[in-house]
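Down below is the structure, laid out as C-alpha cells.
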Number of protein chains: 2
Amino acid sequence: MIENLFDPKLVSQLLVSIGDVSDVTGIPQRKLRYWEDKSIISSSSTKDGGTRKFDYVNIKKIILIKELLNEGYTLDASVRKVEERIKKLKESFSALQEKQI
Amino acid sequence: MIENLFDPKLVSQLLVSIGDVSDVTGIPQRKLRYWEDKSIISSSSTKDGGTRKFDYVNIKKIILIKELLNEGYTLDASVRKVEERIKKLKESFSALQEKQI
DNA sequence: TAAAAAATGTAGTTAATTTACAATTAAGGT
DNA sequence: ACCTTAATTGTAAATTAACTACATTTTTTA
C-alpha cells in the first residue's frame with residue numbers, strides 16, 4: 001500500500017530551490033549557502049552558474065542539523081551526529097530504488 | 001523502517017519548479033501550463049505573479065497522465081482515469097500525515 | 001471539411017538566485 | 001581581557017528561470 005504512495009525513485013528526483021528549502025526548514029538562504037560552502041550539505045548547482053537545487057536527503061539533513069543546533073550542539077558536532085543517520089537513510093533509499101516497486 | 005525514510009509530511013512540502021517538473025516528467029513547460037489552464041493539474045502559483053511550484057501529488061499525476069496518453073487515451077480520458085487513483089493517493093497521504101510517524 | 005481539442009512559439013517583463021566582496025557576532029582558549 | 005576561530009549575516013550588480021499574453025499550428029473528431 002505504502003509502495004504506491006511514495007515512489008522512492010520519484011521522491012529522490014524532486015529538486016527544491018533554495019528559497020523553498022529555506023521556507024520549509026526555517027533556515028535562511030544565506031546560511032544554507034554557507035553550509036554548502038563548508039561542505040556540510042550539497043546541492044546540484046553545476047559549478048557553471050546554474051541555480052542550487054536540493055534533494056530530499058539534503059533537506060532532511062538540514063532539518064536534523066537544525067534540531068541538534070537547537071539542542072545546543074555546535075555546528076560541527078551536529079553534523080557529525082547527523083552523518084550516521086543520513087548514511088543509513090541513503091542506503092535504504094537506494095535499496096528501495098533498486099527494488100523497483 | 002520505511003517510516004524513517006519517507007517523512008510524508010516533508011515529502012508533501014517539497015515544491016518543485018516548472019523547469020524541474022518538466023525535466024523529471026518529460027512534459028514540456030508549455031504543456032504543463034496548458035494543463036494547468038485547463039485545471040487538469042494545479043500549482044501553488046499565487047495569482048499575484050509568483051512562480052509555479054508543483055507538489056508530489058501533482059507531479060505523480062502528471063506522470064500517470066503521460067503514461068495513459070502514451071497508451072492512446074485522449075487527454076480528457078486520461079485525466080478521468082487518473083483522478084480516482086490520485087484521490088486515493090491523497091487520502092493515504094493525509095492519513096499518514098495525521099499519524100505523525 | 002469545418003469545428004473543437006491539443007499543443008506550440010515567442011517577445012517583453014518580472015521573479016528568484018548567484019557570486020563576490022566585506023562585515024558582524026558568538027564561543028573557546030590562554 | 002584578549003585573541004583566534006567559528007558562525008553568521010548584508011548587499012549590489014549580474015545572471016538565470018519563469019511569467020503573461022498574445023498568436024499560431026497541428027491533431028482529432030463530428
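All values reported here derive from a predicted model rather than from experimental measurement. Below, chains carry the letters A, B, ... as their sequence lines are ordered, and counting in each starts from 1.
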Checklist entry - Does the side chain of B:Glu36 pick up a donor-acceptor pair with the side chain of B:Ser43 at under 3.5 Å? => result yes
Checklist entry - Taking only residues two or more places apart in sequence or in another chain, which ones pass side chain to side chain contact (heavy atoms under 4.5 Å, CB included) with B:Thr74? => result B:Asp76, B:Ala77
Next on the checklist: Would you call the rings of B:Tyr56 and A:Phe6 parallel, tilted or perpendicular, taking 30° and 60° as the class edges?
Outcome noted: tilted
Checklist entry - How long is the line joining CG of A:Asp20 and C1' of D:dA18, in whole Å? => result 13 Å
Checklist outcome for this item: So, with a heavy-atom separation below 4.0 Å from DNA chain D, the residues of residues 66-78 of chain B are B:Thr74
Next on the checklist: Applying a strict under-4.5 Å side-chain criterion to I, L, V, M, F, W and Y, I'd like to know whether A:Leu32 and B:Leu15 cluster together.
Outcome noted: no
Next on the checklist: For the CG atom of B:Leu64 and the CD atom of B:Glu83, what is their distance to the nearest 0.5 Å?
Outcome noted: 10.5 Å
Next on the checklist: Taking 4.0 Å as the cut-off, does a side-chain nitrogen or oxygen of B:Ser17 come that near to OP1 or OP2 on C:dA16?
Outcome noted: no
Next on the checklist: Please give me the minimum heavy-atom distance between A:Ser22 and A:Gln29, naming the atom from each residue.
Outcome noted: OG-N, 3.7 Å
Checklist entry - Does any N or O in the side chain of B:Ser44 come within less than 3.5 Å of the main-chain N or O of B:Lys53, such that one atom is a donor and the other an acceptor? => result yes
Next on the checklist: What is the separation between atom NZ on A:Lys31 and atom P on D:dA6, rounded to the nearest whole Å?
Outcome noted: 17 Å
Checklist outcome for this item: Between CD1 of B:Ile65 and P of C:dA6 the distance, given in whole Å, is 12 Å
Item to check | Atom-pair distance (CD1 on B:Ile62; P on C:dA6), nearest Å | outcome: 17 Å
Checklist entry - Within this structure, what is the CZ-to-C1' distance between A:Arg30 and D:dT11, rounded to whole angstrom? => result 9 Å
Checklist outcome for this item: Closest heavy-atom pair, A:Lys66 versus A:Gly26, reported as atoms and distance to 0.1 Å, is NZ-CA, 4.1 Å
Item to check | Gap between atom CD1 of B:Ile65 and atom NZ of B:Lys61 - 0.5 Å precision | outcome: 6.0 Å
Next on the checklist: Using the side-chain heavy atoms of A:Pro28, tell me which of these nucleotides is nearest: D:dT9, D:dA18, D:dA23.
Outcome noted: D:dT9
Item to check | A:Arg52 (side chain) and C:dT17 (base): donor-acceptor pair under 3.5 Å | outcome: no
Item to check | Residues touching DNA chain C, which here means a heavy atom under 4.0 Å, drawn from residues 33-41 of chain B | outcome: B:Tyr34, B:Trp35, B:Lys38
